[in-house]
Amino acid sequence: MKCTRIGLCCYSTASASTSHFNQRILHLKNASGATKLNDALQLFDEMLLRQPPPNITQFTQLISVIVKMKHYSTALSLFRQMRLMGIPSDPYTMTISINCHCRLNQVTYGFALLATIFKQGHPPSLATYTTLIHGLVLADRVFEAVELFKKLLRDKLCDPDQFTYGTVINGLCKVGHTSKALELLTFMESGSCKPCVQHYSTVIDSLCKDRMVDDALELFTHMTEKGVLANVITYSSLVQGLCNFGRETEAAKMLIDMEEVGVSPSVVTFNILVNSFCKQGSVKEAELAVQAMVRRGLHPNIITYNALIDGYCLRGEIEEAENVIDRVMEQDIVPNIITYNSLINGYCKKKRIDEARHLFQEIQDEGLIPDVITYNTMLKGLFESGNPAAARELFNKMQAKGLTPDICTYRILLHGMCKNSQCSDALALFRSPESKELVEDVGLYNILIDGYSKCGKHDLAMDLFDELHVKGLKPNVRTYTVMISVLCQQGLFGKAKDLLRKMEEKNGCLPDSVTYNVIVQQFLKQKAFQEAEILLEEMISRGFTTDSTTFEMLLNQIPSTRQDSPTQTIIQKLINIK
DNA sequence: ATAGGGTTAG
C-alpha cells in the first residue's frame, strides 16, 4: 500500500485498517491466555507505525486492555512511545496514566499529571478525581482521600457517582473506620446516588472483621428492606463473620437461607464453613460440608483439601491427612506449600521429626520453595525433639535463603532455647541487632521472663518485667501470670496477690483461668488454705474452673478436712460445674 | 467512540 498522495485510495485504506484494528482490539478484550500481552504489544506497534495514525480512542482501548492485565509500567511506556511519535495525550489517556502511576505507588506523580490536565485547559472529570482518590487509598493516605472527596462536594467540582462512593467507602473500611463508612452509606441513601449491593457488602464485611457480626446482620436486614438484593459475596462475608465467632450453626443456616432466596453458595462459601469446622476440630462435620458442596456440583479445590489436611493434622490423625493427599492427587490438583506446611506440622506434633525433615527436603527437590511458615514449623519441631543445634542451623539457613524471620520465628527460637536450657543464648539473640525490628513484642518478653524464672534467675526475670514498662509495652494476661508465678516462687506471696489486684484494677487486664490456677496452686503448696479458698471462690464466680493439677491438689486435702469445711464445699461446687 | 471503584476462603 504505497499511497504518496492524499486521495481516495489512502482514505479507504485508513478506514479499512480502522475496522481491522477495531476487530483485533475487540478480540483482545475477550481473549485470555499466555500470548495476550504479546499480541497486544504487537498490535500496538502496528498501530503506531500506521500512516495516517489510527484514532486515539483505539490506542486508549488497547492500552486499557494492558492496564486490566496489571502491566502498568508497560502501559506507561506505550504512552511515552505515543508522545514520541507526536500523538498527543488527552484527558482520557491522562486518566489512565494517573491510574497506572497510582497502582505503581506513585500517587504524587499522579497529582503532577492532574496539574498538566489543568494546564491543557481541561477541567478534570469525575473519573480523574476518582482515580486520584483511589490512588490515595492505595497509598494508605485515606485521610487525604476523604479530604479530596469532601473538596469535590464542597467546591461542587463534580457530583460523586457510585465509583467515587465505592472508592471512599472501601478506603474507610480498609483503615478500620467502618462507622464512618456506615455514615457515608446512610448519606448515599438520602441522596440521589443510591448505594448498591457492593457498597453494602463492603461495609458488612468490614463490620464482620471488626467482630461486630450482629451489626453486620442488622445492616444486611436493612439493605434487604431497602430492596437491595444480597449476592453470594454478601452471604459469604456473613458466613465468615459468624464462623469467626464460633456461630457455625447460624452460618450453616445462612447457607440454607441464601439457597431459598435463589443465591447459590460458591466454593468460597463452602470453604469458609469447611475451614471453620476443621479449625475447631470437627473434621467430620467438615467432610459433610464437602459432600454437600459436591452434591451441588461444586468442585472442592486445593483450599478445601488444605483445610481438611490441616484439620486432621491438628488432631494428630496423620493417616487421614495422607488419605486426603491421595484424594488430591487423584484429581490432578496440585498441592502447594500450605498443604505441606500442615503435613510437616502434623509429623512434628507426632514427634515424627525424621519424616518431617524428609518431607521438607523432598518438597524442595520437587521445586517448591518453603516459606517462613515452613521454617517456623520445622524450627518448632526440631526444638521439641530436643535438637536445638539443628534448629539454630536451620535458622541460619532460612536467612541465607533470603527469608526474613517474623515475630513467630523469634518466639519459637526464644521459647525453644529457654526450654533447652539456653536462656542466656536466647537473651543474646533477643538483644542482637538483626532482631531489633521485631523485639517490640510483649510475647517475647513473656517467653524470656518465663524462661529465666524457670531456671531460677528470678532477678533477671524481674528486670525484664521492668524493661518492658520502660519500652512502653503493655503487659498482657500472660505477662502478669508469669510474674505472679515468679513472685510466688520467691516466696513473695503478698506481692503476688498485689499484682493480681493491680493487673485488673490499674491496668484493666482481667486474670484468666491460668492466672488463677497458677496462684491457687502456689497457695495450696504453702498450705495457705484460706487464701486459696478466697481465690477459688472468686474464680468460680467468674466462670472459671480448676485445671487437673489444681483439682488434684484440692482432693489431697480431703483427709485432713471436715465434711463441712470450706475446702469440701468448694470441691463440691467444682464437681457440680464439671 | 475512549478513562475511574467495590466485597468472600487456606
Side-chain angles (χ1 to χ4, degrees), chain A residues 18 22 25 54-65 67-68 75 89-100 102-103 110 113 117 122 124-135 137-138 145 149 158 160-174 181 185 195-209 216 220 223 230-241 243-244 258 265-276 278-279 286 289 293 300-311 335-339 341-342 373:
Chain A
T18 295
N22 271 336
I25 292 166
N55 199 319
I56 181 84
T57 62
Q58 291 186 315
F59 281 109
T60 311
Q61 286 183 47
L62 179 59
I63 296 180
S64 289
V65 170
V67 170
K68 290 224 170 68
S89 57
D90 68 6
Y92 291 92
T93 60
M94 295 289 277
T95 302
I96 302 175
S97 291
I98 292 174
N99 186 24
C100 291
C102 288
R103 304 284 187 154
L113 290 178
I117 295 181
H122 305 286
S125 69
L126 179 60
T128 311
Y129 282 120
T130 304
T131 309
L132 283 164
I133 291 172
H134 185 228
V137 169
L138 286 174
F149 171 73
C158 318
D161 64 5
Q162 300 215 324
F163 286 86
T164 326
Y165 281 109
T167 309
V168 178
I169 288 176
N170 178 250
L172 288 168
C173 290
K174 196 178 138 191
L185 204 59
C196 60
V197 61
Q198 288 89 337
H199 297 113
Y200 284 106
S201 298
T202 306
V203 181
I204 286 173
D205 186 62
S206 194
L207 284 169
C208 287
K209 297 217 160 93
F220 166 73
M223 74 177 262
N231 62 21
V232 62
I233 295 177
T234 325
Y235 280 105
S236 299
S237 290
L238 286 168
V239 168
Q240 170 78 342
C243 284
N244 281 343
M258 65 190 284
S266 64
V267 175
V268 174
T269 325
F270 274 103
N271 279 353
I272 295 168
L273 210 57
V274 170
N275 190 47
S276 179
C278 289
K279 277 240 169 75
M293 72 194 275
N301 58 20
I302 188 62
I303 297 178
T304 324
Y305 291 115
N306 280 348
L308 292 176
I309 291 167
D310 201 52
N336 56 24
I337 191 68
I338 297 172
T339 323
N341 285 347
S342 294
I373 297 178

| Looking just at side-chain N and O atoms, do A:N306 and A:N336 make a donor-acceptor pair shorter than 3.5 Å? | yes
| said: Can you say whether a donor on the side chain of A:D161 sits under 3.5 Å from an acceptor on the base of B:dG5, or the other way round? | reply: no
| said: Could you tell me how far apart A:M94 (CE) and B:dG4 (P) are, to the nearest whole angstrom? | reply: 15 Å
| query | A:N55 has a side chain; which of B:dA1, B:dG4, B:dG10 sits nearest to it? | reply | B:dA1
| Considering all heavy atoms, the nearest A:Q162-A:H199 contact | O-NE2, 3.1 Å
| Phosphate OP1/OP2 of B:dT8: any A:K209 side-chain N/O under 4.0 Å | yes
| Taking NZ from A:K174 and P from B:dT8, how many angstroms apart are they, rounded to a whole number? | 13 Å
| task | Give me the one residue out of A:I204, A:D205, A:V239 that meets side chain to side chain contact (heavy atoms under 4.5 Å, CB included) with A:T234. | result | A:I204
| Per-pair stack call A:F163 and B:dG5, 5.5 Å, 30° | no
| request: May I have the distance from A:N306 (atom CG) to B:dA9 (atom C1'), rounded to whole angstrom? | output: 11 Å
| query | Among B:dT2, B:dG10, B:dG5, which nucleotide sits nearest the side chain of A:I302? | reply | B:dG10
| said: Starting the side chain at C-beta, find the nucleotide from B:dG10, B:dG5, B:dT7 nearest to A:T167. | reply: B:dG5
| said: Can you identify which nucleotide, out of B:dT2, B:dG4, B:dT8, has its nearest atom closest to the A:T131 side chain? | reply: B:dG4
